[in-house]
Amino acid sequence: MKNTNEKQTNETKKPVNFVQSIIDEDLKTGKRTEVHTRFPPEPNGYLHIGHAKSICLNFGLAQQYNGICNLRFDDTNPTKEDVEYVESIKEDVHWLGFDWKDRMFYASDYFEKLYQYALQLIKSGNAYVCELSGDEIKEYRGTPTRPGKESPYRNRSVEESLSLFEQMREGKFEEGTHSLRAKIDMASPNMHMRDPIVYRIKKQNHHRTGDKWCIYPMYDFAHGISDAIEGITHSICTLEFEVHRPLYDWFLIALNIDSRPQQIEFARLNLSYTVMSKRKLMELVDENLVDGWDDPRMPTVSGLRRRGYTAASIRNFANTIGVAKRDNVIDVALLEHSVREDLNKVSNRVMSVLNPLKVIIDNYPENLDEEIDAINNPEDASKGSRKVPFSKELYIERDDFMEEAPKKFFRLAPGREVRLRYAYYITCVEVVKDENTGDVIELHCTYDPETKGGSSPDGRKVKGTLHWVSAKHALDAEVRLYDRLFVDEDPLGKKGVDFKKFLNKDSLTILNNCKVEPGLKNAANGSLLQFERLGYFCIDKDSKPDKLLFNRTVALRDSWSKMNKK
RNA sequence: UGUCCGAUGGUGUAAUUGGCAACACAACUGAUUCUGGUUCAGUAGAGUCCAGGUUCGAGCCCUGGUCGGACAACCA
């Protein structure tokens with residue numbers, strides 16, 4: 001809490017990124033008087049954390065400069081798009097904490113306008129209907145190092161193109177036989193300027209316009225004009241569109257459109273140990289290598305949400321990684337740090353035992369049940385405390401006991417005394433093992449009644465504090481532990497090797513015999529919790545009061561295991 | 001043999017626009033702690049891709065290289 005002011009100063013002191021510098025300059029010189037951005041997803045897949053970066057950038061900029069940001073679906077290719085995706089995108093953007101108010105648009109809203117602009121392009125001699133086949137167009141286009149050659153249809157009359165284009169719209173031609181092309185320069189060193197296609201025939205039902213159209217505009221044509229129609233001032237996109245910028249501008253100039261949005265490109269987010277491509281993610285979904293788009297191992301917004309990530313942590317992450325033009329790979333540890341930071345503040349603590357080991361307290365009264373006070377969140381006193389039942393038989397974590405323990409092991413071992421969190425000090429007096437396997441079955445301990453509450457009147461110290469749960473009160477639960485989806489830092493980086501080869505076989509571990517505090521019985525799905533000493537967990541959407549199901553969001557930092565690795 | 005873009009500790013992002021390279025994550029010490037968590041204090045790690053140039057002074061400007069990325073869907 002002492003950081004409230006400090007945080008603010010940090011925020012104000014926060015360095016500006018290059019996009020903000022451009023906007024600052026535009027505002028200063030009077031080139032712009034306002035900031036109007038947009039987030040323009042194509043509804044052909046679910047949003048991932050890379051999109052979250054873009055959302056935070058676009059909506060964030062609008063907030064910072066008192067401007068506005070539109071949500072616009074770039075739905076110009078009916079073969080790939082679907083309403084399922086538009087719904088999920090809307091949900092994700094809202095969940096991330098952004099509001100487009102009444103400004104939700106679709107490129108398909110502008111199909112008629114776009115068509116009129118296409119007509120205008122033809123009339124001004126800037127476009128023509130081409131009858132080359134796909135293969136021919138490819139051949140005529142040349143290569144990056146070799147100029148292309150002009151289409152034989154390039155110089156046909158305006159009237160002929162106009163008539164042909166109308167017939168295209170009327171469905172008179174088959175797909176691939178005709179296209180509308182901008183007349184620019186087949187020898188341009190920029191491939192995108194070699195008479196790019198403006199409209200193509202697709203006899204496909206569109207998720208919004210149905211069968212009204214059988215010709216659809218291409219991205220380069222539709223995007224800039226859509227931006228202009230909406231009065232976008234700064235059209236922010238990723239680096240791969242940099243080469244498209246001359247074309248973006250060319251259309252606006254050729255059509256004499258006054259509104260002149262400026263395209264600015266930034267480097268997309270890459271995260272280590274995962275892939276960030278809708279196509280690749282869809283591959284994982286389609287081949288059932290993950291359990292859908294919202295599988296908690298997926299870098300999708302819905303996956304992260306199901307995993308237990310908070311919107312605030314993702315926003316904070318997006319602000320931390322910055323915005324620049326150089327390629328980057330962010331260490332997934334930074335994302336994990338962002339959630340821990342937030343969850344530490346907001347999540348209630350609870351005691352759960354993942355791998356139970358029975359402990360019997362020999363000198364504890366047979367039929368006594370006690371209610372132990374436990375603090376809900378030491379970081380936030382307003383969260384209060386709760387009662388946790390304590391009795392003669394308990395479960396502790398198997399990892400918290402070692403028969404032959406090194407000196408640095410602060411937990412339970414024969415003859416050693418530890419504290420049961422909020423309860424009593426106990427000392428291990430006997431280890432019961434399975435005669436055949438030699439496995440430890442249960443532990444017998446004694447407790448010191450004087451240490452109730454977790455401290456001793458004689459002031460003696462114990463080094464270790466264990467979490468526990470009363471055996472007869474405990475609730476059974478299933479807990480899913482997640483690890484990185486890929487074993488390789490850069491699954492796409494090995495040429496010729498399918499990225500799926502790097503899938504981590506141990507990315508999901510299901511624990512079926514977990515014991516949790518009884519108070520969790522009716523906790524709401526989606527609740528975010530910290531299992532003391534273990535990590536942050538959330539209650540999965542499929543959890544039921546009689547079949548509790550938890551997802552581990554991220555483990556706590558663990559200097560003990562780190563120390564053991566050395 | 002093309003065009004465009006980029007290059008700062010392990011990672012990412014800064015550097016008052018030409019003034020002795022900073023912040024975060026990661027790492028490592030130590031302190032505190034009824035979570036081996038949190039918090040706190042501290043340590044180490046780059047001399048800014050290379051070579052020239054301009055300048056009193058260059059990570060920032062200029063020239064030439066090197067390396068990396070993007071571009072040849074009727075995808076976005």
Side-chain angles (χ1 to χ4, degrees), chain A residues 2 10 13-17 21 40-42 44 74-77 79-81 107 130 132-134 137-139 141-148 175-181 188-194 196-202 215-216 218-220 222-223 237-246 265 267 272 278-279 320-331 333-338 340-341 344-345 349 351 375 378-379 408-411 419-423 425 453-455 461-467 530-535 555-563:
Chain A
K2 63 158 277 242
N10 279 348
K13 259 197 260 173
K14 208 164 187 281
V16 297
N17 59 52
S21 305
E42 181 188 15
N44 67 342
D74 219 332
D75 57 350
T76 56
N77 184 359
T79 60
K80 295 184 172 177
E81 297 148 7
C130 182
L132 253 22
S133 71
I137 286 183
K138 193 172 194 167
E139 191 188 315
R141 188 158 32 220
T143 70
T145 53
R146 217 177 307 283
E175 285 186 21
T177 60
H178 293 67
S179 62
L180 182 70
R181 295 232 255 160
S188 170
N190 183 339
M191 297 291 288
H192 296 282
M193 301 300 270
R194 322 244 261 228
I197 290 170
V198 178
Y199 264 87
R200 77 291 213 189
I201 299 169
K202 274 188 192 291
I215 56 171
Y216 293 93
M218 296 289 288
Y219 166 85
D220 289 298
H223 201 89
C237 62
T238 42
L239 248 32
E240 66 270 29
F241 292 101
E242 208 153 24
V243 208
H244 295 239
R245 196 184 336 130
E265 311 85 11
S272 59
K278 276 196 265 188
R279 211 190 128 266
T320 305
I321 58 177
V323 178
K325 295 195 71 159
R326 67 187 89 109
D327 294 323
N328 62 85
V329 182
I330 308 284
D331 190 341
L334 184 57
L335 215 211
E336 295 177 343
H337 170 263
S338 299
R340 287 198 188 98
E341 189 178 44
N344 177 50
K345 290 183 299 192
R349 273 59 170 172
M351 291 196 285
I375 293 167
E379 306 291 321
K408 285 290 201 179
F409 187 77
F410 301 148
R411 310 174 186 182
R419 170 171 39 235
L420 292 179
R421 177 141 237 229
Y422 299 124
Y425 287 9
S455 57
K461 298 276 188 233
V462 289
K463 208 63 165 115
T465 299
L466 310 187
H467 59 279
Q530 183 195 105
F531 285 1
E532 294 230 24
R533 304 209 304 133
L534 296 174
L556 248 29
R557 284 185 55 188
D558 185 355
S559 50
W560 165 244
S561 73
K562 198 185 281 181
M563 182 172 151

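Predicted model, so just to flag it, every value in this text is computed and none were measured.
Straight-line distance from the CD atom of Glu265(A) to the P atom of rA76(B): 18 Å, rounded to whole Å. Asp327(A) has its CG atom 8 Å from the C1' atom of rA70(B), to the nearest Å. The distance between atom CG of Asn344(A) and atom P of rG36(B), rounded to the nearest whole Å, is 14 Å. Put simply, CD1 on Ile375(A) is 18 Å from P on rU38(B), counting in whole angstrom units. Here the P atom of nucleotide rC74(B) and the CG atom of Leu180(A) are 14 Å apart, to the nearest Å. Rounded to whole Å, the distance from NE2 on His192(A) to C1' on rC75(B) is 12 Å. Following rounding to the nearest Å, Lys345(A) (NZ) and rU38(B) (P) show an atom-to-atom distance of 14 Å.
In this model, the phosphate group of rA26(B) is not approached by any side-chain N or O of Lys562(A) to a distance below 4.0 Å at OP1 or OP2. Phosphate proximity of rA73(B) to Arg200(A): absent, as no side-chain N or O sits under 4.0 Å from OP1 or OP2. Close to rG37(B), at under 4.0 Å from its OP1 or OP2, lies no side-chain N or O of Arg557(A). For Arg141(A) and rA73(B), the shortest distance from a side-chain N or O to OP1 or OP2 is below 4.0 Å. Contact between the side-chain N/O atoms of Thr465(A) and the OP1/OP2 oxygens of rU33(B) is not found at any separation under 4.0 Å. Contact check, His467(A) against rU35(B): no side-chain N or O comes under 4.0 Å of OP1 or OP2.
When heavy atoms are screened at a 4.0 angstrom cut-off, Pro40(A) is found touching no nucleic acid atom at all. Contact annotation for Glu42(A): backbone-only contact, meaning every heavy-atom pair under 4.0 Å involves sugar-phosphate atoms and none involves a base. Using a 4.0 Å heavy-atom distance criterion, Val329(A) is classed as a sugar-phosphate-only contact. Residue-level contact check: Leu132(A) touches the bases, meaning some heavy atom is under 4.0 Å from a base atom. Within the nucleic acid shown, Ile137(A) comes within 4.0 Å of at least one base atom, counting heavy atoms only. Contacts of Thr76(A) with the nucleic acid, taken as non-hydrogen atoms under 4.0 Å apart, involve only primed sugar atoms and P, OP1 or OP2. Looking at heavy-atom distances under 4.0 Å, Tyr199(A) makes no contact with the nucleic acid at all. At the heavy-atom level, Phe409(A) lies under 4.0 Å from base atoms of the strands shown. Across all strands, His244(A) comes closer than 4.0 Å to base atoms (heavy-atom distances). Nucleic acid contact for Glu336(A): none, since no nucleic acid atom lies under 4.0 Å from a heavy atom of the residue. Heavy atoms of Lys278(A) sit nowhere under 4.0 angstrom from any nucleic acid atom. Among the atoms of the strands shown, base atoms are found under 4.0 Å from some heavy atom of Ile197(A). Contacts of Arg194(A) with the nucleic acid, taken as non-hydrogen atoms under 4.0 Å apart, are absent.
The nucleotide whose nearest atom lies closest to any side-chain atom of Leu334(A) is, among rG36(B), rC25(B), rU13(B), rC25(B). Here rU35(B) is the nucleotide among rG69(B), rU35(B), rG37(B) with the atom lying nearest to any side-chain atom of Arg533(A). Of the listed nucleotides (rC71(B), rC5(B), rC75(B)), rC5(B) has the atom at the smallest distance from the side chain of Glu242(A). Listed nucleotides: rG37(B), rA73(B), rA26(B). Nearest to the side chain of Glu379(A): rG37(B). Listed candidates were rA70(B), rA26(B), rG36(B). Nearest to the side chain of Glu240(A) is rA70(B). Of the listed nucleotides (rC74(B), rG37(B), rA76(B)), rC74(B) has the atom at the smallest distance from the side chain of Lys202(A). Among rG2(B), rA24(B), rC74(B), the nucleotide with an atom closest to any side-chain atom of Pro189(A) is rG2(B). Of the candidate nucleotides rU13(B), rC74(B), rU11(B), rU11(B) has the atom nearest to the side chain of Asp331(A). Comparing atom distances between the Lys80(A) side chain and each of rA70(B), rC75(B), rG36(B) picks out rC75(B) as nearest. In this structure, of rG12(B), rC25(B), rG37(B), it is rG37(B) that holds the atom nearest to the side chain of Arg349(A).
For the C1' atom pair drawn from rG2(B) and rA44(B), the interatomic distance equals 46 Å after rounding to whole Å. Comparing rU17(B) with rU39(B), their C1' atoms sit 38 Å apart, to the nearest whole Å. Rounded to the nearest Å, the gap between the P atom of rG65(B) and that of rU1(B) is 12 Å. Here, rC60(B) and rG9(B) have their P atoms 14 Å apart, quoted to the whole Å. Comparing the same atom, P, in rA26(B) and in rC67(B) gives a spacing of 35 Å after rounding to whole Å.
Between Arg411(A) and Leu466(A), the closest side-chain pair of non-hydrogen atoms falls below 4.5 Å. With contacts defined as side-chain heavy-atom distances shorter than 4.5 Å, the pair Glu175(A)/Ile201(A) qualifies. Residues His467(A) and Leu534(A) form a side-chain contact, since some pair of their non-hydrogen atoms from C-beta on lies under 4.5 Å apart. Taking 4.5 Å as the limit, some side-chain heavy atom of Ile197(A) sits within range of a side-chain heavy atom of Ile137(A).
Syn is the conformation of rU17(B), whose glycosidic angle sits no further than 90° from 0. Annotated as anti: rA72(B), whose O4'-C1'-N torsion sits more than 90° from 0. A glycosidic torsion no more than 90° from 0 defines the syn conformation; rG53(B) lies beyond that range and is anti.
Under 4.0 Å is where a charged nitrogen must lie from a carboxylate oxygen, and between Glu242(A) and Lys325(A) at least one such pair does.
Between Thr465(A) and Arg421(A), the side chains place no donor N or O within less than 3.5 Å of an acceptor N or O (distance only, hydrogens not considered). His223(A) and Asp74(A) form a side-chain donor-acceptor contact under 3.5 Å, judged by distance and modelled atom types alone. Side-chain contact, Ser188(A) with Asn190(A): no donor N or O sits under 3.5 Å from an acceptor N or O.
Ring to ring, Phe410(A) and Trp560(A) are not that close: their centroids are 6.0 angstrom or more apart.
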Step by step, work out the salt bridge (charged side-chain N to carboxylate O under 4.0 Å, His left out) result for Arg245(A) and Glu265(A). CA-CA 9 Å; Arg245(A) 196 184 336 130; Glu265(A) 311 85 11; 2.7 Å; yes
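Consecutive pairing runs in RNA chain B reach the stem threshold at B:2-7 with B:66-71, B:10-13 with B:22-25, B:27-31 with B:39-43, B:49-53 with B:61-65, where a stem means at least three Watson-Crick or G-U wobble pairs with distances under 3.5 Å.
Both Asn77(A) and Ala324(A) lie close to RNA chain B; mapped to their nearest nucleotides by heavy-atom distance, the more 5′-ward contact belongs to Ala324(A). Along RNA chain B, the nucleotide nearest Arg340(A) and the nucleotide nearest Asn17(A) are compared for position; the residue whose nucleotide lies closer to the 5' end is Asn17(A).
At a cut-off of 3.5 angstrom, the base of rG69(B) holds no donor-acceptor pair with the side chain of Arg326(A).
In this structure, Phe241(A) and Tyr219(A) have tilted ring planes: the angle between them lies in the 30° to 60° band.
Evaluation of Tyr219(A) against the base of rA76(B) yields no stacking contact (centre distance < 5.5 Å, interplanar angle < 30° required).
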